[in-house]
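A quick note: this is a predicted structure, and the numbers were derived from the prediction, not measured.
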Amino acid sequence: MPTITLPDGKNLNFSKDVNGLEIAKKISKSLSKHALVMSVDGELKDLYFTIKNDCSVKIFTSKDPEGLEVIRHDAAHIMAMAVQELYPGTQVTIGPVIENGFYYDFSRKEAFTSDDLIKIEKRMSEIIDKDIKTKREVWDREKAISHFNKIGEKYKAEIIESIPKNEELSIYYHGDTWHDLCRGPHLVSSGKIGKAFKLTKVSGAYWRGDSKNEMLQRIYGTGWASQKELEEYLKRIEEAEKRDHRKLGKEMDLFHFREESPGTVFWHEKGWSLFQKLINYMRAKQDAAGYKEVNTPEVLDRLLWEKSGHWEKYGENMYTSQTPDEKVFAIKPMNCPGHIQVFNQGLKSYRDLPLRITEFGKVHRYEPSGALHGLLRVRAFTQDDAHIFCSEDQITSECLNVTNLILDIYKDLGFENVILKYADRPEIRVGDDKVWDKAEASLLEAVKATKLKYTINKGEGAFYGPKVEFVLRDAIGRDWQCGTIQVDLNLPGRLNASYVDKDGTKKVPVMLHRALFGSLERFIGILIENYAGKFPFWISPLQTVVIPISEDFEEYALKVSKEIKKVGISSEVDLKKHNLNYKIRDHSLAKIPLLLICGKKEVDSNSVTIRKLDSKKQENMELKTFLKKYSALNKASLN
RNA sequence: GCCCUUGUAGCUCAGCUGGUAGAGCAAUUGAUUUGUAAUCAAUAGGUCCGCGGUUCGAAUCCGUGCGGGGGCACCA
């Protein structure tokens, strides 16, 4: 005679054992119709799970994340069922729920094509229409292994073998024959899945996520509670595609890639101007924050990389170059060894600390070909790198300085939504635990002082010290990991860095690695997507285009453009033989922030008529006023 | 690196089951001199990614290499 406590605190008494369906029915008719899954004392259960004792129960519908998750999970199962019906001999492996949907990994000789996806989708629909019932059974371990082996599902048998012996093995039947090993819970019947799903893509995936294993075929699907949500999701994807920096970079003539050098950027004039603006902006900021900018060689003797430990640990990702004298040099994948060399010049005292060395250093890393992705993952990129040499006591304050600098810069570029990821000591590491204690505590203190949200990634720090990563959220809700601070207790010692302390003894400094954007290339990719190519005025690659209304006003337009350039704003004149409408369309599509129209009116009053991007409003302004106003705007962020 | 997919004019893309290429935009030339998102017309433009094979004949079929895309793995 269980008493069921509901989330609102109300109790329901039952005279006999009861399941979720019956509880839902008792609460309301509509809930019984919409109920998908329940939690019993916090544990998710199938609705037909029989409750014998007093407990608290919560019933979930598709409005709850728990309900949606089960819809997706059932969709994955029904997809596997459809696949096995259509393509006998295909083995199933795993099929979890992921963000926005689900996938299932299959083993089959022939590749699934996009036509197959349509067929599978259709079969899924049919199974859903039949509204077949779900049934849960608990099997004996040995029986389960031999059963799955017998029916040729060797992956399933392997999974069962890896499940701890004390765990219950549940088998879910969808209909009378198709069944799968699964932890559950699942919907009562296939009809509850609804039709708001779509198979999106097929790809390869390693068995158990290990590249040493064979490759399976993964079919991805997206699944939602309603058709409306599905459509919204597909729309979001479409919007993201429109912002793709590779597409916009080509359209806006910012950069290109070519096969002679995969993963490296050919910056065009406009893209490079954007690049330079960001660097100049950061120079001003860093100068104010007490950094000293240096420049170190791109190519350094292999011996140095051996000493620093890079050769052994990251050698596979390094480009090398052999000179005619048979020496091997490595093209730098990081700037740190070079910066330590700079630090090592001359005797350093505690009075020199903290010493902040920065460099816009171009590094090369041989990334696996499959990892390359536009500007977001390249083989040669420019780091806004710095290394801060300091004493242990200075770790917290220096980390805090860096954090403030990073947040300030992100804000100027339009990113205000930032979270931190703090990672502490990994299993394999160098250095004394006492030093780690101190480094971790100092860094964590700095993290807390920011008052930003942070997550702790246990054991994910670098082998040489703990780290913080800065994750920013863009205009369409995507997260990008950009800046980082890493406390290094290892490298300075390896490369013989030292300073003379107050007491006259030599000490090894702590080194903080830090990057603001991380990679300029990558950050520009993020900026393009965040702004959909419509950059804020001050970083816009081409800020103004002057358009004379007819040939008669070309001279005036040229004069205006020249004046604009004089105050540091970029400008071009459009002398093409096209009409005004054509030119406005042309430059609007090119995302020029300001179009300046010049005709008789403007010549007579020594003015310009401004048309801002995405605005039909026209504003006439004396040229003098325009120059003053916009040159101030242009410099605003540099102060 | 692995699986799938893809590579045609400057750009976006057609080109069915093999018969040596086409559109729109851009470019060039001419006419139009334009007041806020495409004026009209003409012209020119291609090792159909490279290499090899099948075939009387290959952009098309097969093999291979390189590049791109989607994932997986990787991301110090």
Trainee: Who is the Watson-Crick or G-U wobble partner of B:G1, with both distances under 3.5 Å?
Mentor: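 When the pairing criteria are applied, B:C72 turns out to be the nucleotide that pairs with B:G1.
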
Trainee: Which nucleotides of nucleotides 24-33 of chain B have their base under 4.0 Å from a protein heavy atom (B), which only their sugar-phosphate (S), and which neither (-), written as one string 5' to 3'?
Mentor: --SS----BB

Trainee: From NE2 of A:His387 over to C1' of B:A76, roughly how many Å is that when rounded to an integer?
Mentor: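 So the two atoms are 12 Å apart, to the nearest Å.
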
Trainee: Taking the C1' atom in each of B:A14 and B:A73, what is the distance between them to the nearest angstrom?
Mentor: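 Going atom to atom, C1' in each nucleotide, I get 37 Å.
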
Trainee: Please give the nucleotide sitting opposite B:A26 as a Watson-Crick or G-U wobble pair, both distances under 3.5 Å, or none.
Mentor: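 Matched B:A26 with nothing under the 3.5 Å cut-off.
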
Trainee: To the side chain of A:Arg585, which of B:A38, B:A76, B:U36 is closest?
Mentor: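 Output: B:A38.
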
Trainee: Between B:G45 and B:A21, how far apart are the two P atoms, rounded to whole Å?
Mentor: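 Result for the P pair: 14 Å, nearest Å.
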
Trainee: Rounded to whole angstroms, how far apart are NE2 on A:His587 and C1' on B:A38?
Mentor: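 That distance rounds to 13 Å.
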
Trainee: Using atom C1' of each nucleotide, how far apart are B:A23 and B:G46 to the nearest Å?
Mentor: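 Going atom to atom, C1' in each nucleotide, I get 14 Å.
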
Trainee: What's A:Glu214 touching, base or sugar-phosphate or nothing? Going by heavy atoms closer than 4.0 Å.
Mentor: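 Nothing, no heavy atom under 4.0 Å.
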
Trainee: Expressed in angstrom and rounded to an integer, what is the separation of A:Glu260 atom CD from B:C49 atom P?
Mentor: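 Checked: the CD to P distance equals 16 Å.
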
Trainee: If we count only N and O atoms by modelled type, under 3.5 Å, do the side chains of A:Thr382 and A:Glu521 hold a donor and an acceptor together?
Mentor: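 Per modelled atom types, A:Thr382 and A:Glu521 side chains form a pair under 3.5 Å.
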
Trainee: I'd like the P distance from B:U54 over to B:U17, given in whole Å.
Mentor: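 Straight-line distance between the two P atoms is 23 Å.
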
Trainee: In the 5'-to-3' direction, what one-character label does each nucleotide of nucleotides 1-16 of chain B receive under the scheme B = base within less than 4.0 Å of a protein heavy atom, S = sugar-phosphate only, - = no such atom?
Mentor: BBBS------SS----

Trainee: Check the side chains of A:Gln383 and A:Asn335 for a donor-acceptor pair under 3.5 angstrom, ignoring hydrogens and angles.
Mentor: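 Looking only at side-chain atoms, A:Gln383 and A:Asn335 do form a donor-acceptor pair, the distance falling under 3.5 Å.
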
Trainee: For A:Trp224 together with A:Phe197, are the ring centres under 6.0 Å from each other?
Mentor: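 Judged by ring-centre distance (under 6.0 Å), A:Phe197 and A:Trp224 do not meet the cut-off.
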
Trainee: Within 45° of the ring axis of A:Phe463 and under 6.0 Å from its six-membered ring centre, is that where the NZ or CZ of A:Arg429 lies?
Mentor: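 No.
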
Trainee: Reckon A:Leu595 touches a base, only the sugar-phosphate, or nothing at all at heavy-atom distances under 4.0 Å?
Mentor: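 Nothing, no heavy atom under 4.0 Å.
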
Trainee: Across the strands shown, which category fits A:His310 at heavy-atom distances under 4.0 angstrom: base, sugar-phosphate, nothing?
Mentor: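 No contact at all - A:His310 keeps every heavy atom at 4.0 Å or more from the nucleic acid.
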
Trainee: Report yes if the distance between the aromatic ring centroids of A:Phe266 and A:Phe257 is under 6.0 Å, otherwise no.
Mentor: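 No, the ring centres sit 6.0 Å or more apart.
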
Trainee: Just by distance, no angles: are the side chains of A:Ser570 and A:Gln543 close enough, under 3.5 Å, to form a donor-acceptor pair?
Mentor: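 Present: a donor and an acceptor within the cut-off.
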
Trainee: Check if the side chain of A:Arg258 and the base of B:C49 share a donor-acceptor pair of N or O atoms closer than 3.5 Å.
Mentor: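 Answer no: no donor N or O sits under 3.5 Å from an acceptor.
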
Trainee: From CD of A:Glu554 over to P of B:U34, roughly how many Å is that when rounded to an integer?
Mentor: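 After rounding, the gap between these two atoms is 13 Å.
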
Trainee: Would you kindly give the CD-to-C1' distance between A:Glu99 and B:G71, to the nearest whole Å?
Mentor: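 To the nearest whole Å, that distance equals 16 Å.
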
Trainee: For A:Phe112, enumerate each residue passing the ring-ring contact (aromatic ring centres under 6.0 Å, His included) test, keeping only those at least two apart in sequence or located in another chain.
Mentor: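 ring-ring contact (aromatic ring centres under 6.0 Å, His included) list for A:Phe112, sorted by chain: A:Tyr87, A:Phe106.
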
Trainee: Heavy-atom nearest nucleotide on RNA chain B for A:Asp586 versus A:Pro262: which residue maps closer to 5'?
Mentor: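 On the 5' side of the pair lies A:Asp586.
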
Trainee: Check if the side chain of A:Arg208 and the base of B:A73 share a donor-acceptor pair of N or O atoms closer than 3.5 Å.
Mentor: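 It does not, because no donor-acceptor pair links the side chain of A:Arg208 to the base of B:A73 below 3.5 Å.
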
Trainee: Which nucleotide, if any, forms a Watson-Crick or G-U wobble pair with B:A14, using both distances under 3.5 Å?
Mentor: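 Its partner: none found.
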
Trainee: Find the partner of B:U39: check Watson-Crick (N1-N3 plus N6-O4 or O6-N4) and G-U wobble (N1-O2, O6-N3) distances, both under 3.5 Å, and reply none if neither fits.
Mentor: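 For B:U39, the partner nucleotide comes out as B:A31, under the 3.5 Å rule.
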
Trainee: Expressed in whole Å, how much space separates the C1' atoms belonging to B:A37 and B:A44?
Mentor: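 The answer is 29 Å between these two C1' atoms.
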
Trainee: Without swapping roles, check the side chain of A:Tyr422 against the backbone of A:Glu440 for a donor-acceptor pair under 3.5 Å.
Mentor: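 Yes, because the side chain of A:Tyr422 sits within donor-acceptor range (under 3.5 Å) of the backbone of A:Glu440.
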
Trainee: In whole angstrom, give the distance that lies between atom CG of A:Asp574 and atom P of B:U36.
Mentor: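 In whole Å, B:U36 P and A:Asp574 CG are 17 Å from each other.
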
Trainee: Side chains of residues 360-369 of chain A: which donor-acceptor pairs under 3.5 Å do they make with residues two or more places apart or in other chains?
Mentor:
unit_1, atom_1, unit_2, atom_2, d
A:Arg365, NE, A:Pro333, O, 2.9
A:Arg365, NH2, A:Pro333, O, 3.0
A:Glu367, OE1, A:Arg377, NH2, 2.8

Trainee: Which residues pass the side-chain contact (heavy atoms from CB on, under 4.5 Å) test with A:Thr455, not counting sequence neighbours?
Mentor: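 Result, side-chain contact (heavy atoms from CB on, under 4.5 Å) vs A:Thr455: A:Lys421, A:Asn457.
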
Trainee: Got a sec, which pairs hit ring pair (Phe, Tyr, Trp, His ring centres under 6.0 Å) with one end in residues 586-620 of chain A, sequence neighbours left out?
Mentor: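 Residue pairs with at least one partner in residues 586-620 of chain A: there are none.
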
Trainee: For A:Arg218, answer base if it contacts any base atom (sugar-phosphate contacts may also be present), sugar-phosphate if it contacts only those atoms, and nothing otherwise; contact means non-hydrogen atoms under 4.0 Å.
Mentor: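 A:Arg218: backbone/sugar contact only, no base atoms under 4.0 Å.
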
Trainee: Looking across every strand, which nucleic acid part, if any, lies under 4.0 Å from A:Lys201 by heavy atom: base, sugar-phosphate, or nothing?
Mentor: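 Result for A:Lys201 = sugar-phosphate.
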
Trainee: Please measure how far the C1' atom in B:U43 lies from the corresponding atom in B:U47, and state the result in whole Å.
Mentor: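 Approximately 24 Å lies between the C1' atom of B:U43 and that of B:U47.
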
Trainee: Between P on B:U34 and CG on A:Asn579, what's the gap in Å once rounded to a whole number?
Mentor: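 A:Asn579 atom CG is separated from B:U34 atom P by 11 Å.
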
Trainee: If you measure from the C1' atom in B:A38 to the same atom in B:U32, how many Å do you get, rounded?
Mentor: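 It comes out at 15 Å once rounded to the nearest Å.
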
Trainee: Please tell me which of A:Gly374 and A:Cys598 maps to the more 5' nucleotide of RNA chain B, matching each residue to the nucleotide holding its nearest heavy atom.
Mentor: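 The residue mapped nearer the 5' terminus is A:Cys598.
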
Trainee: When you compare B:C3 with B:G50, how far apart are their P atoms, in angstrom units rounded to a whole number?
Mentor: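 Comparing P positions in B:C3 and B:G50 gives a spacing of 24 Å.
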
Trainee: Over all strands shown, is A:Asp614 touching base, sugar-phosphate only, or nothing at heavy-atom distances under 4.0 angstrom?
Mentor: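 Contact class for A:Asp614: base.
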
Trainee: When the ring planes of A:His578 and A:Tyr582 are compared, do they come out parallel, tilted or perpendicular, using 30° and 60° as the limits?
Mentor: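 The arrangement is parallel - the two ring planes meet at less than 30°.
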
Trainee: For B:C56, which nucleotide is its Watson-Crick or G-U wobble mate, given both distances must be under 3.5 Å?
Mentor: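 When the pairing criteria are applied, B:G19 turns out to be the nucleotide that pairs with B:C56.
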
Trainee: Rounded to whole Å, please give me the gap between CD in A:Glu316 and P in B:A73.
Mentor: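 A:Glu316 atom CD is separated from B:A73 atom P by 18 Å.
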
Trainee: Could you tell me whether A:Phe463 contacts a base, only the sugar-phosphate backbone, or nothing, with contacts defined as non-hydrogen atoms closer than 4.0 Å?
Mentor: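 Counting heavy atoms under 4.0 Å across all strands, no contact is made by A:Phe463.
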
